[in-house]
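As structure tokens, the structure follows; a few thoughts come after it.
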Amino acid sequence: MKAQSSATTPSRIAVGTAGTDPGGRPLGTLQAALGVVAFSLTFPATAWGLEGFGPWSLIAVRSVLAAAVAGACLLAVGVAPPERRHLPGLAVVGAGVVLGFPLLTTLALRTSTTAHAAVVVGLLPLTTALLSALRVGTRPSRTFWIAALAGAAAVIAFTVQQSGGALTSADAYLLAALLVCAAGYTEGGRLAGVMPGWQVIGWALVLCVPLTVPMAAVALTYEPVALTAHSVTGLLWVAMGSQFLGLVVWYRGMAAIGIPKASQLQLAQPLLTLVWSVLLLGEHLTVAAPLTAAAVLVCIAVTQRARG
């Protein structure tokens, strides 16, 4: 059994890092896109959650709930604990997408609108591709980089225009969130080449339990809680949709089509977030939205066709 496992590992790593499995690309693209849709609801759901929970309570409780579901799934399937050589990578995933990004963006959303916070997501694809090139050794083509930069520029211009061009005190949180999330995505995409994507985020959530459970206990003691339809719905979504299910399909998609190309699908995420913000939060958009959407979709099409 060990010989067979070691023989198949290199091919799985290749799929996870460079997207070299042509047969799995359509499904991988769909899975990554579903992850983007799930993530696009994170900021509006967080805004709802903050109506009834403090920022520290919201982050800790969402992680504990997601870890409970992930742990139950791992136990039900009988998944063996991860190998020691994978623990550092899982720690990076936990620090980036389980704790760092949710905490920093939640703190930012106390004073920032979802439209302004979307600038983080606009920069995330490019940052993820850059970290992927450094960490995993991927080398996308020049066409890929031109389209990625153009898409990122379009998203940044749109989100800055939506917020009136003013920088807020939340920008430091947003910049830090961008960096830690890109690191978590990159490491998670690499690990998804050697283990199923749902196990990557599942073990990352479980490994964070020694931190999140005490954090939840302390935060719930000091921060007031108001259980409303919005706050409970927001909490459940960020825990189940954003923190677990969204990351499951996202990491599976990255393993199939490669980290750089999957990351470029996130160029559509800020625009989806703004749509949800209008529908769920009552925010208003300008006529620039459809123009930016068209530009971003063109950039996504180019990056998906460009050879790495």
Joint hydrophobic cluster, [X] plus [Y], side-chain heavy atoms closer than 4.5 Å:
| X | Y | value |
| --- | --- | --- |
| L179 | V93 | no |
| L103 | V92 | no |
| V225 | L58 | yes |
| L207 | V209 | no |
| V218 | L99 | no |

Considering all heavy atoms of both residues, which atom of [X] and which atom of [Y] are nearest to each other, and what is their separation?
| X | Y | result |
| --- | --- | --- |
| L124 | C181 | CD2-SG, 3.8 Å |
| G89 | L191 | C-CD1, 3.6 Å |
| T29 | L265 | O-CD1, 3.8 Å |
| A32 | A262 | CB-CB, 4.3 Å |
| A192 | A255 | O-CB, 3.4 Å |
| A70 | G202 | CB-CA, 3.7 Å |

Under 3.5 Å, is there a donor-acceptor pair between the side chain of [X] and the main chain of [Y]?
| X | Y | value |
| --- | --- | --- |
| R110 | L107 | yes |
| T105 | P102 | yes |
| S112 | L109 | no |

With a 4.5 Å cut-off on side-chain heavy atoms, are [Y] and [X] touching?
| X | Y | answer |
| --- | --- | --- |
| L41 | S242 | no |
| L104 | L174 | no |
| Q243 | L205 | yes |
| Y251 | Q31 | no |
| I59 | M215 | yes |
| F144 | V302 | no |
| I201 | V98 | yes |
| L65 | V61 | yes |

Atom [atom1] in [X], atom [atom2] in [Y]: separation rounded to 0.5 Å?
| X | Y | atom1 | atom2 | value |
| --- | --- | --- | --- | --- |
| E51 | T233 | CD | OG1 | 10.0 Å |
| E83 | L90 | CD | CG | 11.0 Å |
| H86 | Q199 | NE2 | CD | 10.0 Å |
| T106 | F43 | OG1 | CZ | 8.5 Å |
| L247 | F39 | CG | CZ | 4.0 Å |
| F53 | T228 | CZ | OG1 | 8.0 Å |

query = For residues 201-223, which residue pairs qualify under side chain to side chain donor-acceptor pair (under 3.5 Å), counting only residues two or more places apart or in two chains?
reply =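 Side chain to side chain donor-acceptor pair (under 3.5 Å) check on residues 201-223 returns S57-E223.
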message = Does anything in residues 32-41 form a side chain to side chain donor-acceptor pair (under 3.5 Å)? List the pairs, not counting sequence neighbours.
response = S40-W276
task = Show your reasoning for whether side-chain hydrogen bond (donor to acceptor under 3.5 Å, both in side chains) applies to T186 and T128.
result = CA-CA 6 Å; T186 298; T128 302; 5.2 Å; no
key: Derivation and outcome, side-chain contact (heavy atoms from CB on, under 4.5 Å), residues W250 and V36   = CA-CA 7 Å; W250 174 243; V36 170; 3.9 Å; yes
key: Heavy atoms of other groups near W145 CH2, more than 12 under 6.0 Å   = yes
query = Do F244 and W198 pass the ring-ring contact (aromatic ring centres under 6.0 Å, His included) test, and can you show the C-alpha distance, the side-chain angles, and the key distance before you say yes or no?
reply = CA-CA 8 Å; F244 184 59; W198 74 273; 7.3 Å; no
